Amino acid sequence: MATKRSVGTLKEADLKGKSVFVSVDLSVPLDDNSNITDDTRIRAAVPTIKYLMVNGSRVLLCSHLGRRVTPKFSLKILVPRLSELLGVEVVMANNSIGEEVQKLVAALPEGGVLLLENVRFYKEEEKNDPEFAKKLAALADLYVNDAFGTAHRAHASTEGVAKYLKPSVAGFLMQKELDYLVGAVANPKKPFAAIVGGSKVSTKIGVIESLLSTVDILLLGGGMIYTFYKAQGHAVGSSLLEEDKLDLARSLMEKAKSKGVSLLLPTDVVIADKFAPDANSKVTTVCV
């Protein structure tokens, strides 16, 4: 598997005065008052952003926050912490595309940072709409993808813009993760075990199928486990469930069995009367 070209291969001559579209994963957890409870993802994006700043780029940050389209998930709430970590006043746009954003890009100084509004406020983002991708790409001269957390999804701001901006390179976080994965998969130590988490089976199909050809043990976690539980005949209550992916879950379990891979699900789960921090909850065993 070939690794993607890194932003570290670009020098000042390549970056100075250029507008760089950077996909980052800033979807941090928030409390009920919209306070950031864990800024790990913001801090993980800092090395790539600072490298571009030091080399005279105009940095355009694109990300999402949360799973729903609601004003609560405006990226405005991230500006203070992002500014603090970068040591500059991050400029906030009210949109991801359009004339207002173009003016902000034009006014941005070398080494300046502009944060675009939550890109998932546009339905075209998750549909990877080519015209929307073109509008995003029109803001910049080149593209850096440092959003490892969403790299498995072909969206307009990740896969789409790469078709219209050259060069298209990996950020430092992306490169670090890719290097690790290439090494782990190409020369695995046996027995080889992997853990895959996530809320939906549908977004992890490719990852799971690929790993089934390599690993000895595959452990699944996250919200997608309930689709597998239901596929095994267990009741899952009102837990997250992809009803239309039950046959897929069964086929993945059969594929694992045929390859001699131990596909493991959690043996206990937390059950609650509602999805909230103050819910009545307890840990119970799952018969798997």
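For reference, positions follow the sequence shown, starting with 1. What you see is a predicted model; the values in this text were computed from it and never measured.
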Asks: So Phe121 and Asn95, do their side chains get closer than 4.5 Å, heavy atoms only?
Replies: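 No, every pair of side-chain atoms sits at 4.5 Å or beyond.
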Asks: Does a donor on one side chain sit under 3.5 Å from an acceptor on the other, for Ser23 and Tyr143?
Replies: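 Result is yes, a qualifying pair exists.
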Asks: Taking the side chain as every heavy atom from C-beta outward, state whether Val169 and Ser6 have any pair of such atoms under 4.5 Å apart.
Replies: no
Asks: Give a yes or no on whether Asp273 atom CG has more than 12 heavy-atom contacts from other residues, nucleotides or ligands under 6.0 Å away.
Replies: yes
Asks: For Tyr229 and Val269, what are the C-alpha separation, side-chain angles and deciding distance, and is it a side-chain contact (heavy atoms from CB on, under 4.5 Å)?
Replies: CA-CA 11 Å; Tyr229 285 146; Val269 294; 3.8 Å; yes
Asks: Is there side-chain contact between Glu159 and Asn145, with at least one heavy-atom pair below 4.5 Å?
Replies: no
Asks: Tell me the closest heavy-atom pair linking Gln175 and Ala170, and the distance in Å.
Replies: OE1-CB, 3.8 Å
Asks: Which atom pair, heavy atoms only, marks the closest approach of Asp146 to Ala44?
Replies: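 Closest heavy-atom pair between Asp146 and Ala44: OD2-O, 4.3 Å.
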Asks: Please round to the nearest 0.5 Å and tell me the distance separating atom CZ of Phe148 and atom CZ of Arg41.
Replies: 11.0 Å
Asks: Can you tell if the side chain of Leu78 reaches within under 4.5 Å of the side chain of Ile36, non-hydrogen atoms only?
Replies: yes
Asks: So, taking the atom named NZ in Lys72 and the one named OG in Ser34, what distance separates them when rounded to the nearest 0.5 Å?
Replies: 5.5 Å
Asks: Which atoms form the tightest heavy-atom contact between Leu252 and Glu209, and what is the distance?
Replies: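 The answer is CD2-CG, 3.7 Å.
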Asks: First locate atom CG of Asn118, then atom CZ of Phe73, and finally report the distance between them rounded to the nearest 0.5 Å.
Replies: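 Going from the CG atom of Asn118 to the CZ atom of Phe73 covers 9.0 Å.
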Asks: Tell me whether Lys76 at atom NZ has more than 12 heavy atoms from other residues, nucleotides or ligands lying less than 6.0 Å away.
Replies: yes
Asks: Report whether Val20 and Tyr164 are members of the same hydrophobic cluster (ILVMFWY, side-chain heavy atoms less than 4.5 Å apart, transitive linking).
Replies: no
Asks: Side chains of Leu30 and Leu65, heavy atoms from C-beta outward: is any pair under 4.5 Å?
Replies: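 Result yes, sub-4.5 Å side-chain heavy-atom pair found.
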Asks: Tell me, with the steps shown, if Glu124 and Lys127 meet salt bridge (Lys or Arg N to Asp or Glu O under 4.0 Å).
Replies: CA-CA 5 Å; Glu124 296 91 345; Lys127 293 180 179 179; over 6 Å; no
Asks: Taking all non-hydrogen atoms of both residues into account, name the closest pair between Leu86 and Met53 and its distance.
Replies: O-CE, 4.0 Å
Asks: Verify side-chain contact (heavy atoms from CB on, under 4.5 Å) between Met253 and Gln232, making sure each step is shown before the conclusion.
Replies: CA-CA 10 Å; Met253 288 186 286; Gln232 292 177 329; 3.6 Å; yes
Asks: Are the side chain of Ser168 and the backbone N or O of Leu165 linked by a donor-acceptor pair below 3.5 Å?
Replies: no
Asks: Rounded at 0.5 Å granularity, tell me how far CE in Met92 sits from CG in Leu115.
Replies: 4.5 Å
Asks: Let me confirm one number: the NZ-CD distance from Lys230 to Glu243, rounded to the nearest 0.5 Å.
Replies: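 If we round to the nearest 0.5 Å, Lys230:NZ and Glu243:CD are 4.5 Å apart.
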Asks: Please step through side-chain contact (heavy atoms from CB on, under 4.5 Å) for the pair Arg5 and Leu10, ending with a clear verdict.
Replies: CA-CA 9 Å; Arg5 184 182 177 189; Leu10 302 178; 3.3 Å; yes
Asks: Tell me, do Leu116 and Ile97 make a side-chain contact under 4.5 Å, heavy atoms counted?
Replies: no
Asks: Quiz question: by atom type and distance under 3.5 Å, do the side chains of Asp38 and Thr40 form a donor-acceptor pair?
Replies: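 Result is yes, a qualifying pair exists.
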Asks: Can you measure from CE (Met224) to CD (Glu242) and round to the nearest 0.5 angstrom?
Replies: 10.0 Å
Asks: Can you tell me which residue among Ser96, Ser74, Ser63 is in a side-chain hydrogen bond (donor to acceptor under 3.5 Å, both in side chains) with Glu117?
Replies: Ser74
Asks: Could you check whether any side-chain N or O of Arg58 sits under 3.5 Å from a backbone N or O of Leu108, counting only pairs where one atom can act as donor and the other as acceptor?
Replies: yes
Asks: Please determine whether residues Ile225 and Leu248 belong to a single hydrophobic cluster, defined as Ile, Leu, Val, Met, Phe, Trp and Tyr linked transitively by side-chain heavy-atom distances below 4.5 Å.
Replies: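 They do share one cluster, since a chain of ILVMFWY contacts under 4.5 Å joins Ile225 to Leu248.
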Asks: Please report the shortest heavy-atom distance between Leu212 and Val261, naming the atom on each side.
Replies: O-CG2, 3.6 Å
Asks: So does Asp247 pair up with Arg250, basic N to acidic O under 4.0 Å?
Replies: yes
Asks: Using a cut-off of 6.0 Å, state whether more than 12 heavy atoms not belonging to Lys190 lie near its atom NZ.
Replies: yes
Asks: Is there a side-chain contact between Thr48 and Val24 in this structure, where contact means two heavy atoms from C-beta onward sitting under 4.5 Å apart?
Replies: no
Asks: Do other residues, nucleotides or ligands put more than 12 heavy atoms under 6.0 Å from Lys255 NZ?
Replies: yes
Asks: Val91 and Leu60: same hydrophobic cluster, using ILVMFWY side-chain contacts below 4.5 Å?
Replies: yes
Asks: Taking side chain as C-beta onward, heavy atoms only, is Val286 less than 4.5 Å from Asp268?
Replies: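 No, side chains not in contact.
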Asks: Within the distance-only criterion (no hydrogens, no angle test), does the side chain of Thr37 pair as donor or acceptor with the backbone N or O of Pro29 below 3.5 angstrom?
Replies: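 A pair under 3.5 Å: yes.
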Asks: Any link between Ile195 and Leu211 through a network of hydrophobic side chains (Ile, Leu, Val, Met, Phe, Trp, Tyr) touching at under 4.5 Å?
Replies: no
Asks: Are Tyr51 and Val59 connected in the hydrophobic side-chain network, where two residues link if heavy atoms are under 4.5 Å apart?
Replies: yes
Asks: Crowded around Lys282 NZ? As in, over 12 foreign heavy atoms under 6.0 Å?
Replies: no
Asks: Tell me if a side-chain donor or acceptor on Asp14 pairs with a main-chain N or O of Lys11 at a distance below 3.5 Å.
Replies: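 At least one qualifying donor-acceptor pair exists.
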Asks: For Arg81, which of Leu26, Val28, Asp39 qualifies under side-chain contact (heavy atoms from CB on, under 4.5 Å)?
Replies: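 Running side-chain contact (heavy atoms from CB on, under 4.5 Å) over Leu26, Val28, Asp39 with Arg81 returns exactly one hit, Asp39.
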Asks: Salt bridge or not for Lys134 and Glu131, using N-O below 4.0 Å?
Replies: yes
Asks: Which pair of heavy atoms, one from Ser281 and one from Val270, lies closest together, and at what distance?
Replies: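 So the minimum-distance heavy-atom pair works out to CB-CG1, 3.9 Å.
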Asks: Could you go through Leu61 and Leu75, starting from their C-alpha distance and side-chain angles, then the distance that decides it, and tell me whether this counts as side-chain contact (heavy atoms from CB on, under 4.5 Å)?
Replies: CA-CA 11 Å; Leu61 300 179; Leu75 297 190; over 6 Å; no
